[in-house]
Amino acid sequence: QFPRECITPEGLRSGQCCPSPTGVARDECGSSTGRGQCVTIAADDRRHGPQYPYSERDDRERWPLRFFNRTCQCNGNFSGYNCGQCKHGLTGPNCDQKISVVRRNIMQMSRAEKQAFVNALDQAKRTVHPNLVICTRRYQEVFGPDGNTPQFENITIYNYFVWSHYYSVSKTYLGPGQASFGGVDFSHEGPGFVTWHRFHLLQLEKDMQDMLGDPTFALPYWNFAIGGSECDICTDDLLGARSTFDLNSISANSVFAQWRVICESVEDYDTLGTICNSTESSPIRRNPAGNVARPMVQRLPEPQDVLDCLELNTFDTPPYYSTSSESFRNSIEGYSAPQGMYDPVIRSLHNLAHLFLNGTGGQTHLSPNDPIFVLLHTFTDAIFDEWLRRHQPGDIVYPEEDAPIGHNRRFNMVPFWPPVTNAEMFVPAPENLGYSYEVQWPARPLTLSEIITVAIVVAVVVVAALGSVIACAVRARSHGSAEALEPLLAETYRRYSEEDRRLDKSQSVV
Ligand SMILES: O=C(O)c1cc2cc(O)c(O)cc2[nH]1
């Protein structure tokens with residue numbers, strides 16, 4: 001969450017995190033070469049919804065001001081915590097060379113491409129994040145027992161992806177002996193669901209591009225809207241088949257059988273007031289379609305569900321929560337029906353895909369430990385991007401206030417660094433964020449009124465065509481008989497004319 005350079009006791013006390021990309025003095029944020037400058041952080045102070053009734057009890061309020069109040073702001077195409085990197089989709093020393101980052105359906109990738117992706121994920125699981133470290137204590141205890149030992153740890157690239165999701169959904173610690181407050185979620189059950197997960201993926205993709213030295217590397221997606229009860233990507237060449245020995249485990253032939261999860265001891269963190277750290281524990285658990293207690297989550301969403309939610313015109317509706325009706329966001333998130341109606345028993349689209357996995361991938365504090373999370377969310381993001389393309393909403397439709405804490409338009413998404421607002425991710429990706437999707441959306445069947453309209457138009461065209469064919473035929477016929485008569489008429493006319501002339505001559509002789 002924070003750059004390694006910034007978490008010294010002095011750095012934390014200063015509230016400033018503006019490293020230099022060159023490490024040279026007086027070059028904060030690469031200011032000496034015009035890359036960026038150190039600025040005061042603007043945090044959202046608009047009213048939030050009633051779900052979180054506290055103030056000053058959670059480090060994530062007005063993120064990231066509890067930790068830092070100054071950050072790098074980069075110019076032009078420069079980006080990153082020290083402005084030493086390029087924006088997504090750009091490369092070169094001046095970040096002015098465009099490259100294409102295209103997210104594709106994993107099922108349509110070649111065998112070599114699939115293998116390269118699995119290898120890249122596995123490398124990310126084992127590679128320490130080059131820039132970021134995580135805090136393992138609340139701010140109150142972040143300077144350590146001696147007041148001078150910041151409580152931060154290194155973490156691998158993939159585990160950082162898992163940890164940031166955990167940190168955004170974790171409960172608010174209210175003190176020893178008191179139950180932690182669970183009515184808070186900085187990345188779900190609100191309009192920020194789509195924008196938060198979009199940035200979450202963008203950061204992983206960027207970290208993997210840097211790790212691979214390949215700025216064109218793109219995360220693929222899993223089209224989970226295929227109906228039925230088969231997990232088509234749960235094969236050993238992709239995300240791992242089911243183990244033949246244990247229904248809930250991944251086959252030993254898959255590299256993911258070796259992966260161990262982080263953030264498993266959530267009850268301990270919540271009672272002790274600690275935070276998940278980088279310690280790995282058990283293997284991933286997964287039993288697709290195996291939740292016999294909840295038959296509703298034994299099937300994947302249908303293709304029609306995607307088409308239905310894309311038709312919803314309103315991005316989000318009050319109370320901008322998991323109870324919203326007629327909200328595109330609540331439908332794609334999956335707390336309401338794909339057609340928009342809210343019903344507490346319904347689970348659809350994204351939520352249904354999570355619950356279908358029935359194991360690590362179905363529990364919010366753990367779910368990114370199962371790498372299917374990445375592919376499930378790229379598809380969710382593809383649907384969001386298609387909705388933005390079709391409805392062209394502009395940013396005013398994203399609520400400025402009264403959304404649950406963390407979800408207002410100008411809120412800096414927790415726990416990302418440098419600060420990034422929900423609004424910055426509420427834009428079509430190809431034009432603004434440097435990546436795009438290659439997707440074939442299912443064809444929409446025609447509605448009854450469309451069928452009637454089409455039938456009427458076809459009938460009118462057929463009648464008109466028939467009418468003109470008949471008219472042409474009639475004209476051709478009458479024209480044809482006149483032409484047939486013409487030689488006779490001409491002959492008759494010639495004979496009469498000659499007769500007239502002869503008569504005229506004889507009369508003049510008389
Ligand atoms: O119960 C749900 O609807 C549910 C489970 C689950 C897991 C997860 O990781 C999410 O991101 C969302 C989610 N919803």
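Just so you know, ligand 1 is whichever comes first in the structure, and atom 1 is the first atom listed for that ligand.
For Arg104 and Glu113, the salt-bridge test passes: some basic side-chain N is under 4.0 Å from an acidic carboxylate O. Taking 4.0 Å as the cut-off between side-chain N and carboxylate O, Arg389 and Asp385 do not count as a salt-bridged pair. By the 4.0 Å N-to-carboxylate-O rule, Glu205 lies close enough to Arg103 to be salt-bridged with it.
For atom 9 (O) of ligand 1, the closest heavy atom belonging to the protein is Ser367 OG, 2.4 Å. Here the protein heavy atom with the shortest distance to atom 8 (C) of ligand 1 is Thr364 CG2, 3.4 Å. Among all protein heavy atoms, the one lying closest to atom 2 (C) of ligand 1 is Arg347 NE, 3.5 Å. For atom 11 (O) of ligand 1, the nearest protein heavy atom (residue, atom name, distance) is His188 NE2, 2.9 Å. Among all protein heavy atoms, the one lying closest to atom 14 (N) of ligand 1 is Asn351 OD1, 2.9 Å.
Ring to ring, Tyr335 and Tyr321 are not that close: their centroids are 6.0 angstrom or more apart.
The salt bridge (Lys or Arg N to Asp or Glu O under 4.0 Å) test with Arg410 singles out one residue from Asp395, Asp44, Asp45, and that residue is Asp395.
Close contacts between ligand 1 and Gly362 involve ligand atoms 5 (C), 6 (C), 7 (C) [criterion: under 4.0 Å to a heavy atom].
Neither the backbone nor the side chain of Leu366 comes within contact range of ligand 1; no heavy atom lies under 4.0 Å.
Remark: distances from the non-hydrogen atoms of His350 to ligand 1 include one below 4.0 Å.
Aromatic ring orientation, Trp163 versus Tyr160: parallel (interplanar angle below 30°, classes split at 30° and 60°).
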